Amino acid sequence: MTAPSDLAERLGLAPGARAIILNADDFGMCHAANTAIVELLDAGRVDSTTVMVPCAWAPEALAFAAARTDLDVGVHLVLTSEWSRYRWRPLTGTATSLVDADGYFPPDVVAVEQRAVTEEVAAELAAQLQAALDAGVDVTHLDNHMGSVYGLATGRDFLGPVFALAAQHGLPFRLPRSIDGVGADPAMQATLDRAAATADGLGVEIIDRLWSHPFELVGEGTDAAETYEQVRDGFVALLRAVPAGVTEIYLHPMTDTDELRSAVDFAAVKRGYELRLLSDPVVTQAIADEGLVRIGWRALRDLQRGTR
């Protein structure tokens, strides 16, 4: 396992500290996401969230975030629109390389990497961040929807524009230094090392590792589908495996409603399970038992800006 960086130490944490950031992705995607994430933020069950600015329910999420500058809210930079019945378009318009034949962001990362013009990606990502800032959000960090800027599908990435944007605004970015974790591809480590060196050169703070659990519900739609208890136990096992350093653990909690089931093609049940597990006393107890230190992205932003 790759040794952690000195980030935890620079944040003032104890030697060997196992720090986690529990992040809720997809704030603003739909009302079901907003109700779940607001509930979790209000209860202190997650440490941060990131808004999908181009989505239809982003205004509700942005208004909440603007009124609650005590919370850690970042921008979930979007270049894809993955569902078949509910989709979203670029803020910079549809006369660009960022859309498919129907005028929406493409549904998959391969299309983005193959067709997107770098300058148009840069303009779109800047517009998404600026929209959040203009809405009054005290943006704490940046991350990316579906990994569309990392070059994971074809090797063509858009990290240059992302790092430039992050450096310009003094914002950390969700880039892991290590590919440690279940399902990690060791061949990616060299690429990650180069990207981390670029971030370091620009003074952009990044994390030691990025973990989650399966996006889909194993066996969904069958008699063998995972139960809530199995999902929860798998998440607890993930928490227990967190090593020293700073690890973001991201989930997609949503309220399992008719609206959500109408919007997504699959995984609505899993989204509801994630909302439930983040409020589950078993999970809370596991975090305490493991001595995990919960932090937010604001601490990394303050470190980057030299205000910590």
Side-chain angles (χ1 to χ4, degrees), residues 21-43 45-65 68 71-91 104-109 112 124-125 128-129 131-132 135 137 139-150 173-174 210-217 220 231 235 248-279 296-297:
I21 304 172
L22 293 176
N23 188 79
D25 280 7
D26 296 359
F27 197 28
M29 190 198 90
C30 56
H31 186 59
N34 292 352
T35 55
I37 293 171
V38 166
E39 174 187 325
L40 293 168
L41 287 169
D42 279 341
R45 302 293 187 182
V46 292
D47 304 307
S48 63
T49 187
T50 42
V51 183
M52 296 178 70
V53 176
C55 293
W57 281 91
E60 180 181 60
L62 292 170
F64 171 82
R68 293 292 305 276
L71 301 173
D72 281 27
V73 180
V75 173
H76 201 48
L77 299 171
V78 175
L79 293 173
T80 51
S81 177
E82 68 271 32
W83 307 119
S84 62
R85 298 184 299 271
Y86 167 50
R87 308 192 65 194
W88 41 87
R89 306 176 191 272
L91 299 187
Y104 299 101
F105 284 118
D108 60 87
V109 172
V112 175
E124 175 61 26
L125 300 185
Q128 292 178 23
L129 172 56
V137 180
V139 176
T140 56
H141 63 295
L142 302 173
D143 63 21
N144 175 226
H145 187 57
M146 294 179 64
S148 58
V149 302
Y150 291 109
F173 175 63
R174 177 202 272 172
L210 177 64
W211 284 10
S212 188
H213 60 176
F215 183 85
E216 300 180 34
L217 187 70
E220 181 174 356
V231 171
F235 187 67
E248 186 193 84
I249 301 175
Y250 65 95
L251 300 98
H252 305 83
M254 300 182 189
T255 309
D256 186 359
T257 61
D258 288 343
E259 180 223 15
L260 179 62
R261 292 182 178 230
S262 296
V264 303
D265 300 324
F266 55 87
V269 173
K270 185 68 177 293
R271 305 285 75 80
Y273 282 177
E274 291 188 352
L275 169 60
R276 184 177 169 188
L277 72 83
L278 285 165
S279 300
W297 280 97

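Numbers here are sequence positions counted from 1. Bear in mind the structure is a predicted one, so any value in this text is a computation, not a measurement.
The CH2 atom of W297 lies 7.5 Å from the CG atom of D143; values are rounded to the nearest 0.5 Å. How far NZ of K270 is from CZ of R276: 14.0 Å, rounded to the nearest 0.5 Å. A distance of 9.0 Å separates CD of E248 from CG of L22, quoted to the nearest 0.5 Å. Taken from OG1 in T49 to NE2 in H141, the straight-line distance is 7.5 Å, to the nearest 0.5 Å. Here CZ of F105 is found 4.0 Å from CD of E124. Values are rounded to the nearest 0.5 Å. With values rounded to the nearest 0.5 angstrom, R45 atom CZ is found 14.0 Å from L251 atom CG.
Contact of the V149 side chain with the L77 side chain is not registered, since no non-hydrogen atoms from C-beta on lie closer than 4.5 Å. The closest side-chain heavy-atom distance from V231 to H213 is below 4.5 Å. Two residues are said to be in side-chain contact when any heavy atoms from C-beta on lie closer than 4.5 Å; F64 and L41 meet this criterion.
Side chain of Q128 to backbone of V75: no donor-acceptor contact under 3.5 angstrom is found. When atom types are taken as modelled, the side chain of W83 and the backbone of P107 share no donor-acceptor pair closer than 3.5 angstrom. Under the 3.5 Å distance criterion, the side-chain polar atoms of N34 are matched with a main-chain donor or acceptor of W57. Under the 3.5 Å distance criterion, the side-chain polar atoms of S48 are left unmatched by any main-chain donor or acceptor of G296.
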Verdict with reasoning, V109 to Y150, per side-chain contact (heavy atoms from CB on, under 4.5 Å): CA-CA 10 Å; V109 172; Y150 291 109; over 6 Å; no
message: Using the rule given for side-chain contact (heavy atoms from CB on, under 4.5 Å), can you reason through F215 versus H252, listing the C-alpha separation, both sets of side-chain angles and the distance that settles it, and then say yes or no?
response: CA-CA 8 Å; F215 183 85; H252 305 83; 3.7 Å; yes
field: Criterion side-chain contact (heavy atoms from CB on, under 4.5 Å) on M29 and H76, from CA distance to verdict
entry: CA-CA 10 Å; M29 190 198 90; H76 201 48; over 6 Å; no
query: Run the side-chain contact (heavy atoms from CB on, under 4.5 Å) check on T255 and L275 step by step: do they pass?
result: CA-CA 7 Å; T255 309; L275 169 60; 4.0 Å; yes
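Partners of S148 by side-chain hydrogen bond (donor to acceptor under 3.5 Å, both in side chains), not counting sequence neighbours, listed by chain and number: N144. Applying the side-chain hydrogen bond (donor to acceptor under 3.5 Å, both in side chains) test to D25 and every residue at least two apart in sequence or in another chain returns N23, R174. Residues forming a side-chain hydrogen bond (donor to acceptor under 3.5 Å, both in side chains) with H31 (at least two apart in sequence, or on another chain): E60.
Here salt bridge (charged side-chain N to carboxylate O under 4.0 Å, His left out) pairs that include residues 256-266, with residues two or more places apart or in two chains, are R85-D265, D256-R261. Residue pairs meeting the salt bridge (charged side-chain N to carboxylate O under 4.0 Å, His left out) criterion with at least one member in residues 72-81, sequence neighbours excluded: D72-R298. Among residue pairs with one or both ends in residues 29-43, those qualifying as salt bridge (charged side-chain N to carboxylate O under 4.0 Å, His left out) are D42-R68; sequence neighbours excluded.
Closest approach of G28 to C55, counting heavy atoms only: O-CB, 3.3 Å.
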